[in-house]
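Take a look at the structure below.
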Amino acid sequence: MSIVRVALPVPIPQLFDYSCDSATHEDIGRCVRVNFGRRQETGVIVDLPTESDIDPARLKPVEHLLREVPPLPGDWLALTAFVARYYHVPQGEVIALALPPDLRRADEVDDRDTDPLLALTPAGRQAHDEGGRPSKARHLLAQLQAAGPTRKSVLRTWPEGTACADLLRRRWIYAVRPQNPARTAGALPTLTDEQGQVIDTVAAHAGGFAAYLLQGVTGAGKTEVYLRLIERALAAGRQVLVLVPEIALTPQLEQRVVGRFPDADIVALHSGVADGARSRGFVRAMKGEADIVLGTRLAIFTPLPRLGLIVVDEEHDPSYKQQEGVRYSARDLAVWRARQREVPLVLGSATPSLESWRHAEQGRYTRLRLTQRAIATHLPTVRLIDTRRIKLEDGLSPALIKALGERLERREQSLLFLNRRGYAPVLSCPACDWISACPHCSANCVVHLKDRRLRCHHCGHDTSIPHACPECGNQDLKPLGRGTQKLEEGLVARFPEARILRVDRDAARSRKHWLELLARIHAGEADILVGTQMMAKGHDFPRLTLVGVIGADGALYAADFRAPERLFQQMMQVGGRAGRAALAGEVLIQTEFPDHPLFQCLQRQDTDAFARMALAEREEANFPPFTFQAMLSADAPVLDDALDFLTRASDCIRSDAPGGIFLYDPVPMRMTRLARRERAQLLVESASRAALQGFLSEWMRRLYRLGTARDVRWRMDVDPLDV
DNA sequence: AGCACGCCGACT
DNA sequence: GTCGGCGTGCTC
């Protein structure tokens, strides 16, 4: 009779022991079905302890041990254990998040992908021809050579069929992908000297852990560097993990990877991938069959037995941080995982996060630079338009209007960037004080004139636009401010001959809509694009030569200390859209603060100067990355209950907090009300990550014991992005 | 989180 | 007299 220690998907910071006659160490990492309280749950065996702290008589037996699926590997369990420790969440919740739902239920995994057609690789043919000491593996190899490509299920019935996994592991055989086009042996782009040096540097230490911060402006050829490094890893028989930001709407990198490695087994993991395919990809990766896993933050949890390289593209992107549930940072976990598996890690960005920048400064990461634009001729020129003394027409300055007119004449594309969708951010009554406040949030409902709706962009509240003021009956309600729809409307009136295309979350409702829009833009069916931040990323538009930025100043007023960093990153990114190919690009930024250092750095496109300045400010103010933070937040139907909880949470440890730990006072969150709940937060800070972690462990122990009023919910966020 | 138990208020 | 409110406590 053995004891199994099980992680269950419940918000209790413990593991649970069960008895199980048949379990052995081979079963660590396997799913089990167990009775838990009144109900049944699926968990994962994380250990096989010799004895339990629980009275043996109280141990319930495991209901079912699922042996149909291979066990999760030890390093994967270690990763989930680390996430549980670092982010202070129960390991069972981490596992529930990391494991595809189908797998946790251990349904029969679809055979379409698990029964691949197997064939010899060149290495396999070589091994076969060379002969060597007879073994099961070589015997099976000879059979397969004679029989030609064979389904795995068939091969398994052969005398030495069990050696199949061994052959796959040695990369003597591979899964033939039916839809593979013939390998395009087209000429690879010529590398610049810089690219060559970067690749050599990383490749020189391919055998162990090393973190690289690859800094290169848009068009400097970061992707080509990734591809060459991937190529080398694959040639060495290793798997590669590539993380991309949550704009999985852009299939761009995926296409380039697929195009470059047509023979590789590539697993894509993003929000557009259905559960079934996700499970199959997970299993293929775990079995060592997949060569490349390309996905958004969740992909960091893919088990990869032959892992040889991790790439994090656009490492500064905030979408690597999960903002609910288990609040992990996939970028930070990538560093941990690379160290754990002793493989190199490449963090790429044109505008690195200040956290990574600091790590590079401290020598924890090796900085690599790509300064030359590999593709286009020049960087775009950036012009700041001082809007303080000029009259704007439809939100546009004369200079921007003139620039747009010139592009129309030259039949080039323009992009107007306005990070505010809808027609106007608020509807107001000039006669009284009424505004279109959301009934559930401390935010205003946005006017969507197209479908005559008022919508809250935070909670989704949706009503029709009233015909008269609900307060005073005035029929003349005025939309205030300007969103993408209104900007579009003004442009249509001003440039009636131009083809104007709005690209925001309303226009690109689904992946399908978005791909259609992209296709139209590429086909040259638009002269002026009006877009939100979804236009900032990915995609190069060859005829795009003008980017106009409207309403950038908001970030300068923002209370969030990271707002300027984000603005700079976004501006650099959106500016990078302009003038690729042979056409020179121009970026016009309308601002009331043309002298602001941020805009000055932007004009010179001097990322280093901006980073130095921003870091100096952060150090002065004692903000991250010079200090480490955690945020305890609570919400309840009534603000006072949330504040009350946080006060008690603070009181339960305040007197025991070691020196160097700063506990702030509980305060209402910036957006206090969200979806009928009122929210408050309590910040903890320390100059030492270890000290903060030690404090958090003790605090969490006490918090779980602290009684919670029934309608209060709380959570801990380690390394929060929004403070 | 669920789901029990348990102890006080207004209802057939 | 019961149905049911939600405070408290436990789940191997």
Side-chain angles (χ1 to χ4, degrees), chain A residues 1-25 27-66 71-72 77 80-81 83-85 87-99 101 104-105 322-328 632-638 640-649 651-652 674-679 699-717:
Chain A
M1 174 69 77
S2 346
I3 300 167
V4 289
R5 189 151 289 168
V6 179
L8 291 169
V10 289
I12 304 164
Q14 290 149 39
L15 298 168
F16 295 87
D17 294 348
Y18 287 83
S19 64
C20 183
D21 328 306
S22 64
T24 70
H25 277 88
D27 294 312
I28 293 179
R30 284 212 155 92
C31 291
V32 284
R33 199 81 201 145
V34 294
N35 289 321
F36 182 72
R38 293 284 137 139
R39 63 219 141 100
Q40 223 174 50
E41 290 284 0
T42 303
V44 173
I45 301 177
V46 297
D47 198 8
L48 213 71
T50 46
E51 59 182 320
S52 175
D53 294 338
I54 303 293
D55 174 7
R58 280 181 59 214
L59 294 185
K60 293 183 182 172
V62 163
E63 291 301 308
H64 182 51
L65 174 51
L66 302 153
L72 280 320
L77 291 173
T80 60
V83 173
R85 235 178 17 252
Y87 292 103
H88 299 275
V89 286
Q91 190 179 2
E93 291 204 300
V94 181
I95 287 175
L97 161 95
L99 212 53
R104 216 155 53 76
R105 287 200 302 273
Q322 174 123 48
Q323 295 288 13
E324 56 191 18
V326 182
R327 299 179 169 227
Y328 65 98
L632 179 67
S633 55
D635 63 80
V638 186
D640 276 347
D641 290 343
L643 282 169
D644 235 43
F645 168 80
L646 294 179
T647 305
R648 290 192 304 119
D651 289 346
C652 83
L674 178 70
R676 293 171 191 266
R677 294 186 70 86
E678 303 195 318
R679 315 173 312 152
W699 198 20
M700 290 298 288
R701 253 194 298 283
R702 297 188 190 191
L703 287 177
Y704 275 113
R705 280 187 201 129
L706 200 67
T708 320
R710 59 194 302 92
D711 42 14
V712 174
R713 287 200 294 256
W714 62 271
R715 71 220 55 91
M716 184 66 77
D717 188 349

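Computed from heavy atoms alone, side chains included, the values below leave out hydrogens, waters and symmetry copies. Protein chains get the first letters and strands the later ones, always in sequence-line order, with residue 1 at the start of each.
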- Message: In whole Å, I'd like the distance from the CH2 atom of A/Trp714 to the C1' atom of B/dA1.
- Response: 13 Å
- Query: Does a sphere of radius 6.0 Å around CG in A/Asp55 hold more than 12 heavy atoms from other residues, nucleotides or ligands, not counting ones at 6.0 Å or beyond?
  - Reply: yes
- Query: Thinking salt bridges, do A/Asp711 and A/Arg677 make one under a 4.0 Å N-O criterion?
  - Reply: no
- Query: Aromatic rings A/Phe16 and A/Phe36: how do their planes relate, parallel, tilted or perpendicular, breaks at 30° and 60°?
  - Reply: perpendicular
- Message: Please identify which of these residues, A/Ile45, A/Val46, A/Val44, A/Ile28, meets the side-chain contact (heavy atoms from CB on, under 4.5 Å) condition with A/Arg5.
- Response: A/Val46
- Task: Among residues two or more places apart or on two chains, list those pairs meeting side-chain hydrogen bond (donor to acceptor under 3.5 Å, both in side chains) that have a residue in residues 30-40 of chain A.
- Result: A/Asp27-A/Arg30, A/Arg33-A/Gln40, A/Arg33-A/Thr42, A/Asn35-A/Gln40, A/Asn35-A/Glu63, A/Arg39-A/Glu41
- At under 4.0 Å between heavy atoms, which parts of nucleotides 5-12 of chain C does protein reach? Answer with one letter per nucleotide, 5' to 3': B base, S sugar-phosphate only, - none. -BB---BB
